[in-house]
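Everything below concerns the one structure shown next.
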Amino acid sequence: MRIAPSPTGDPHVGTAYIALFNYVFARKHGGKFILRIEDTDQERYTAGSEAAIFEALRWLGLEWDEGPDVGGPHGPYRQSERLPLYRREIQKLVEKGEAYPCFCTKERLDQLRRDQIAAKQSTLGYDGQCRSLSPAEAAARMAAGEAHVVRLRVPDDGETVFVDHLRGEVRFENRLIDDQVLFKSDGFPTYHLANVVDDHDMGITHVIRGEEWITSTPKHVLLYKAFGWEAPEFFHLGLLRNEDKSKLSKRKNPVSVFHYRDLGYLPETMLNFMANLGYSMGDDRERFTVDEMIAHFDWSRVSAGGPVFDQKKLEAFDGADIRAMSVDTLYDRLMERTLSRARLLPLLAQAQERVNRLDDFIPYLSFFFGGSLDYGPVIDKLKVKDRTPAEVATTLEAFAQDIERDAEARAFTAPALDAFARGFCERNGWKNKDLFMLLRVAVTGRTASPSLFDTMALCGKDRCRLRIRDVVALLRAQKG
RNA sequence: GGCCCUGUAGUCUAGCGGUUAGGACGUUGGCCUCUCACGCCGAAAGCUCGGGUUCAAGUCCCGACAGGGUCACCA
C-alpha cells in the first residue's frame with residue numbers, strides 16, 4: 001500500500017482521504033503503508049510542500065511505515081532521487097522494442113492536435129510518426145543530441161482489461177489508447193513510468209487511488225506487461241466533490257488540510273467524517289474511530305460514487321465530539337493547539353500596543369480565531385468609491401488566486417504579502433489605500449487592526465482565504 | 001465530442017428478489033428553558049426514466065438520460 005502525493009501546493013483533503021483508505025487497509029492486513037513523493041514535475045514543484053504533506057498527514061495521525069523522512073528498505077522515496085532507476089528501466093523497454101524514442105517537436109504535436117480537433121476527429125492523440133524509425137536512425141539522432149522523449153508502443157488492436165475491485169472488470173480498446181510519453185525530454189520520467197517502476201520496485205501489491213486515475217490504469221497495465229511484471233490490484237475511490245458535484249476544488253471549497261487544522265477541527269473527527277464519505281459499517285453506526293474502522297474494514301463496504309464533501313456535517317460531527325469531551329480534556333486540547341504559547345505570543349505582541357487592560361486582550365484578538373465573521377456592522381466599508389460590488393468581488397477573488405501563483409506570497413509572510421499587494425494594486429490599477437482597507441475589513445471584520453500584513457500572516461492563509469471568499473459571496477449577493 | 005466510471009430524500013449512506021425503504025447532516029414542528037445553544041420527542045423529504053426477467057425488482061439484464069472523470073513532455 002502506498003500514498004504517493006506530489007508536492008505541488010497545500011496538502012489536499014483529497015490526498016488525506018486516499019491516504020486514510022490506504023492506511024486503514026495496510027493496518028488491517030499488516031501491510032506496509034508507504035509515503036512516496038512524486039516530484040517529477042519540475043515546473044509545478046513548490047518548495048516546502050513536501051514538509052507540508054508530512055505535517056498534514058501526521059496531524060491526522062496517518063503515520064507511514066516507510067517514506068523520505070523515516071527511511072525504509074525501498075528507498076529513496078522521492079522520485080527525483082530515483083532517476084538512475086528510471087533510466088535503466090526505460091532503456092530495457094527500448095531494447096525490447098516496447099518503447100521508442102520520439103523526436104517530434106512540441107510545435108508539431110500542437111499542430112497535430114489542432115488539426116485533429118479541426119477535423120472533428122473523435123479520438124485525439126499521437127499519430128505515431130516516430131514509431132517506425134529504424135533503431136539505427138534513432139540511435140544516430142540521439143547520439144547527435146537531438147531532443148526527444150520516449151513513448152510506449154501501445155498495441156493497435158485488442159483490448160486491455162483490468163479489475164477494479166470496487167467496480168469489477170473495466171475494458172479499454174487499445175486502439176483508443178495513445179502512445180504515452182514515458183520519459184520527458186528534460187530527463188525526468190512521466191508519472192506513468194515512475195509510478196509503475198516504483199510500485200514494482202517497492203513491492204506495492206495494492207494500488208488505492210482516486211477515480212481520476214482509472215483511465216490511465218490500462219496504460220499502467222500495458223506497462224507492467226511490457227516489463228514482464230505482475231500488476232498490482234487496483235482500487236479507485238470516488239472523487240470528493242463540491243456541492244455542485246464537480247471535483248472538489250480550491251475555488252469552491254477549503255481544500256487544504258491546514259484549513260481544517262487551523263480553524264480548530266479535531267483530527268480524529270476529520271478522519272471519521274472522511275471515512276463516512278464512502279465507507280459504512282453496515283449497521284447504523286457512523287461515529288467510529290480509525291481503529292474501529294481498521295478492525296471492521298472490508299472493500300465490499302466501500303461505495304464507488306463520488307461523495308460531496310459536506311462542511312455542515314463535518315461541523316456537526318465536530319460539535320458532537322467537543323460536547324463529548326470532559327471539560328478537563330477540552331481545556332487541554334484548547335491549550336495544546338488553539339491557545340498554545342507559540343501561537344499566542346505573536347498575537348499578544350500585536351495587542352500589547354493597543355490594549356490597556358489584561359481583560360481586553362481576548363476581545364481584541366478575537367478575529368485571529370474562528371472562521372467566518374459577521375460583516376453586518378462594517379457592511380458599508382466593503383464599498384469602494386467608483387467601483388461596483390461586482391468589480392470589488394472580482395478583484396478580491398483575483399487577489400486570493402494570484403497569491404498562489406506568487407512564489408513568495410504563497411508562503412504568506414508579512415513582507416511577502418506587502419510586496420505582493422503593492423504589485424497587485426499597480427498591475428490592476430487600484431489605489432493601495434482602497435485595496436488595503438478592503439482586505440482589512442474582509443480579514444478582520446473591523447476598520448482598525450494591527451498592520452494589515454502582519455494581521456494576515458498571523459491569521460493564516462486559510463482563515464484569510466475563507467473570509468475573502470465569504471466577502472466575495474456577500475458582494476455578489478448584493479445587487480448592483 | 002470519443003472513452004471510462006457512477007446513479008436510494010438537498011447531502012453522506014444502509015439495503016445485496018418479498019422491508020411500513022433504515023440511520024446521519026441539513027430543513028421543520030414541539031418539549032426543556034430567563035435567552036441562546038445543547039439535549040429530548042415528532043414531521044416533511046428518496047429508489048432518474050423506459051423496457052424486460054420473475055409469482056414478486058430499489059435490488060438482476062438491456063437501453064435512455066443525468067452527473068462526474070479523462071483524453072499533456074501535470075500528477
G2(B) - base-pair partner by Watson-Crick or wobble geometry, distances under 3.5 Å | U70(B)
Quickly work out the E173(A) CD to U70(B) C1' distance and round it to whole Å.
-> 16 Å
Looking at G69(B), U11(B), C74(B), which one has an atom nearest to any side-chain atom of T190(A)?
-> C74(B)
Pair assignment for G18(B), Watson-Crick or G-U wobble, requiring both distances under 3.5 Å | C55(B)
Specify the separation, in whole Å, of atom OH of Y100(A) and atom P of C73(B).
-> 11 Å
State whether K312(A) places a side-chain N or O below 4.0 Å from either non-bridging phosphate oxygen (OP1 or OP2) of C12(B).
-> no
Ignoring backbone atoms, test whether R241(A) places a side-chain nitrogen or oxygen under 4.0 Å from the OP1 or OP2 oxygen of G10(B).
-> no
Using purine N1 to pyrimidine N3 plus N6-O4 or O6-N4 for Watson-Crick, or N1-O2 and O6-N3 for G-U wobble, both under 3.5 Å, which nucleotide pairs with G42(B)?
-> U28(B)
hbond_proxy S185(A) side chain to C73(B) base (donor-acceptor, 3.5 Å cutoff) | yes
Assess whether one donor atom and one acceptor atom, taken from the side chain of K313(A) and the base of C12(B), lie less than 3.5 Å apart.
-> yes
Tell me: NE2 of H192(A) to P of C74(B), nearest whole Å?
-> 10 Å
For U48(B), which nucleotide in any strand shown is its Watson-Crick or wobble partner with both distances under 3.5 Å?
-> A64(B)
Indicate whether OP1 or OP2 belonging to U6(B) is found under 4.0 Å from a side-chain N or O atom of S303(A).
-> no
Test applied, salt bridge (Lys or Arg N to Asp or Glu O under 4.0 Å); reference residue, E397(A); option that passes from R476(A), R465(A), R469(A), R251(A) = R476(A)
Identify the nucleotide, in any strand shown, that forms a Watson-Crick or G-U wobble pair with U33(B), with both distances under 3.5 Å; if there is none, say none.
-> none
